[in-house]
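Comments concern the structure below.
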2 protein chains.
Amino acid sequence: MNTAPDMAAISEPETPRLDTTLREKARLALRDAILDGRLKAGEKLVERELCVLTGASRSALREALVLLETGGLIERQSYRGYRVAKLSTQKIFEIFELRAALETLVAELFTERASDQEIADLNDALTDLEQCLTDFDLQRMRTVKEVYYEILFTGCRNVEIRRSLENVIDRIYHLRSHLMNNPDRREASLQEMRRLTAALTSRDRLAARAASLSHLTAARDAVLNLMAES
Amino acid sequence: MNTAPDMAAISEPETPRLDTTLREKARLALRDAILDGRLKAGEKLVERELCVLTGASRSALREALVLLETGGLIERQSYRGYRVAKLSTQKIFEIFELRAALETLVAELFTERASDQEIADLNDALTDLEQCLTDFDLQRMRTVKEVYYEILFTGCRNVEIRRSLENVIDRIYHLRSHLMNNPDRREASLQEMRRLTAALTSRDRLAARAASLSHLTAARDAVLNLMAES
DNA sequence: CATCACAATATTGTATACAATAATGTGATG
DNA sequence: CATCACATTATTGTATACAATATTGTGATG
């Protein structure tokens with residue numbers, strides 16, 4: 001049932017040596033600015049202004065903009081430039097529909113393909129998360145959650161799924177942040193992740209799918225409630 | 001169960017007016033060149049050469065390259081430029097795993113959300129496809145297949161899923177073309193699509209999922225066989 | 001003859017200048 | 001005063017020039 005494991009070693013002959021170009025720096029700078037709300041939804045993005053913000057020249061900056069556009073974070077209109085993308089209720093539904101299809105699959109695949117080490121790492125991350133909650137360290141909580149997902153995505157052994165997911169998850173990042181301001185949602189979310197982690201640890205495919213799905217459904221409803229308020 | 005249908009009309013206030021920039025032209029030119037094999041897998045892409053090929057300047061061209069890179073058609077190495085992406089057996093598995101998760105969902109959603117008109121259009125496309133097969137018009141067959149998928153993706157009412165799928169489908173385009181050279185596979189593929197269309201037409205969610213999945217599985221195995229030969 | 005150092009070349013990464021299109025302001029006119 | 005035409009400005013789209021890095025070639029040296 002496994003997917004040609006002997007092929008795995010052929011893939012990366014050379015060291016990737018991380019990308020240190022200005023384009024990449026500009027992309028990360030813009031991405032962060034959007035994710036933490038310094039650039040707000042609907043706001044117009046003027047290239048020359050972004051140049052001074054990021055320190056990059058227009059050519060490098062524009063390539064970064066193209067990257068963010070394909071990720072869905074910003075939208076472009078011919079000869080009218082970019083805007084930070086807005087999230088409608090409709091888009092929320094679509095994104096969570098996509099996430100539900102892919103993240104449940106990730107959970108299933110993880111139960112079959114992850115190493116024991118990865119399962120241990122996942123449980124460590126969960127423990128860290130519990131600690132963050134008791135410490136009220138919401139900043140660190142986001143980081144640890146990213147680590148948790150990182151382990152999950154790696155353990156499922158499918159880079160394509162990961163790429164598709166990372167883009168859409170970025171787009172609801174700030175909503176998820178807001179969600180964590182609600183103590184009830186914080187506790188509920190952690191409880192769901194406990195259940196998911198337990199299922200993954202016992203390599204119970206069906207339970208993992210169920211836990212993943214109910215976590216996503218709860219998150220979606222919380223996000224929709226949040227949007228309905230404002 | 002439907003997703004806020006009253007929201008739909010708010011989205012597009014202005015005419016999209018299709019993108020006629022050189023970047024877009026360069027992107028399409030490169031995409032076509034890769035899809036129909038004029039630029040072969042693994043081949044190095046030198047920017048200056050692509051400029052004369054596409055008629056665009058380097059700045060426009062590079063933005064097109066960034067687009068193709070995020071789509072996975074080409075790969076980049078720092079200061080070493082781009083290459084046309086190669087497909088390993090592993091990648092085939094990953095792509096079909098992703099497609100299986102999303103296309104089965106698309107089929108299910110279509111049965112619940114498509115209009116009667118869209119269902120009629122789908123059947124028309126299938127009829128066209130039958131005609132192509134009897135005429136041995138393989139060129140037109142590809143076009144009609146794209147129309148078929150276009151209807152399917154539109155009918156499921158989820159742009160996010162569509163975006164994720166279109167990229168990965170592009171990447172196995174030339175393999176699918178090769179596949180259609182095999183008469184047995186041609187006939188089998190059409191038979192699978194007949195079954196899928198019937199399920200979609202009767203709005204039978206489970207049957208649609210099953211038909212979609214078996215179509216994908218058959219296509220995947222055919223692709224893997226093709227790769228094993230060469 | 002193989003191998004290494006290093007210069008020469010090629011190619012990508014970056015910055016800036018120019019052209020095309022859209023947004024804005026201003027004044028004439030009813 | 002409202003509105004339209006049109007000039008002005010701003011902004012994006014495109015082309016080209018320059019800098020940094022990688023690749024290639026060449027010759028000295030063991």
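Order of the sequence lines fixes the chain letters, A, B, ..., with proteins taken first and strands second; residue numbering starts at 1 for each chain.
The side chain of Arg48(A) places no N or O atom within less than 4.0 Å of a non-bridging phosphate oxygen (OP1 or OP2) of dG13(D). Using a 4.0 Å cut-off, some side-chain N or O of Arg76(B) falls inside it from OP1 or OP2 of dG13(C). An OP1 or OP2 oxygen of dT23(D) is reached within less than 4.0 angstrom by a side-chain nitrogen or oxygen of Arg80(B). A close approach under 4.0 Å does occur between a side-chain nitrogen or oxygen of Lys44(A) and OP1 or OP2 of dT12(D).
With respect to the salt-bridge test (charged N to carboxylate O, under 4.0 angstrom), the residues Glu63(B) and Arg58(A) do not qualify. A salt bridge is absent between Arg38(B) and Asp32(B); no separation between the charged side-chain nitrogens and carboxylate oxygens falls under 4.0 Å. Under the 4.0 Å criterion applied to side-chain N and carboxylate O atoms, Arg83(A) and Glu43(A) are not assigned as salt-bridge partners.
If you take OH of Tyr79(A) and P of dA19(C), they are 13 Å apart, rounded to a whole angstrom. Whole-Å rounding puts the Lys25(A) NZ to dA20(D) P distance at 13 Å. Straight-line distance from the CD atom of Gln77(A) to the P atom of dT21(C): 17 Å, rounded to whole Å. The OH atom of Tyr82(A) sits 18 Å away from the C1' atom of dA10(D) (whole-angstrom rounding). Rounded to an integer number of Å, the gap from CZ of Arg83(A) to C1' of dA23(C) is 12 Å. One interatomic measurement links the two molecules: CG of Leu45(A) to P of dT12(D), which rounds to 9 Å at whole-angstrom precision. Residue Glu47(B) contributes atom CD, which lies 15 Å from atom P of dA15(D) at whole-angstrom precision. A straight line from CD of Glu49(B) to C1' of dT11(C) spans 10 Å, rounded to a whole angstrom.
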I'd like a table of donor-acceptor pairs (distance under 3.5 Å, sequence neighbours excluded) in which one partner is a side-chain atom from residues 149-156 of chain A, with atom names and distances.
| unit_1 | atom_1 | unit_2 | atom_2 | d |
| --- | --- | --- | --- | --- |
| Glu150(A) | OE1 | Arg162(A) | NH2 | 2.8 |
| Glu150(A) | OE2 | Arg162(A) | NH2 | 2.8 |
| Thr154(A) | OG1 | Glu150(A) | O | 2.8 |

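Here the side chain of Leu22(A) is nearest to one of dT14(C), dG13(C), dT12(D), namely dT14(C).
When Watson-Crick and G-U wobble pairs are counted only if both distances are under 3.5 Å, dG25(D) pairs with dC6(C). Judged by Watson-Crick or G-U wobble contacts below 3.5 Å, the nucleotide dA17(C) has dT14(D) as its partner.
Heavy atoms of Leu65(A) sit nowhere under 4.0 angstrom from any nucleic acid atom.
Exactly one residue among Leu102(B), Thr104(B), Val106(B), Leu200(B) makes a side chain to side chain contact (heavy atoms under 4.5 Å, CB included) with Ser212(B). That residue is Thr104(B). Considering Leu35(A), Leu61(A), Leu45(A) as possible partners of Leu30(A), the one that fulfils the side chain to side chain contact (heavy atoms under 4.5 Å, CB included) test is Leu61(A).
The number of heavy atoms from other shown groups lying within 6.0 Å of NZ (Lys40(B)) does not exceed 12.
Listed by residue number, Arg58(B), Arg62(B) are the residues of residues 51-63 of chain B with a heavy-atom contact under 4.0 Å to DNA chain C.
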